[in-house]
Amino acid sequence: DGLESITSTTGNVTVRNNGSLDDVDGLLNLNTVGGNYTISSNASLCQDDVEILVAFLDGTYTGVTTTTGNTGACTQ
């Protein structure tokens, strides 16, 4: 993904309306978001995967979190 080296940001993180995105594994090392954290409306992304990622952050973001409308198929 190329995002693995990012561990924190003082700004917002927005991943929205990307129809071909099917995972957010590149964001697993992100442990601090200094603004809003939005992962929404990604047609190939499983909503359960997004919820797991946000739970992993465990409140280490200072803004609003939006994680709706990710409608991709979930595989176990």
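- Cluster annotation: L3 is connected to V13 through the hydrophobic network of ILVMFWY side chains, with a link wherever side-chain heavy atoms come within less than 4.5 Å.
- Residues L27 and L53 come closest through the heavy atom pair O-CD1, 3.8 Å.
- Annotation: side chain of L21 is in contact with side chain of V15 (closest heavy-atom distance under 4.5 Å).
- At least one side-chain heavy atom of V50 sits under 4.5 Å from a side-chain heavy atom of L45.
- Between V54 and T65 the shortest side-chain heavy-atom distance falls below 4.5 Å.
- Side-chain contact between S40 and T68 is present, with heavy atoms from C-beta onward closer than 4.5 Å.
- Between atom OG1 of residue T67 and atom CG of residue D49 there is a gap of 12.0 Å, rounded to the nearest 0.5 Å.
- Considering all non-hydrogen atoms of both residues, N70 and N42 come closest at OD1-ND2, 2.9 Å.
- The minimum heavy-atom distance linking C46 with A73 is given by the pair CB-O, 3.8 Å.
- Going from atom CD1 of I6 over to atom CG of L28 covers 12.5 Å, rounded to the nearest 0.5 Å.
- Of the inter-residue distances, the one linking C74 atom SG with D48 atom CG reads 4.0 Å to the nearest 0.5 angstrom.
- Between atom OH of residue Y37 and atom CG of residue L30 there is a gap of 5.5 Å, rounded to the nearest 0.5 Å.
- Nearest approach of E4 to N29, heavy atoms of both residues: O-ND2, 2.8 Å.
- From N36, atom CG reaches atom OG1 of T38 across 5.5 Å, with rounding to the nearest 0.5 Å.
- Judged by distance alone, the side chains of Q47 and T71 never bring a donor and an acceptor atom under 3.5 Å apart.
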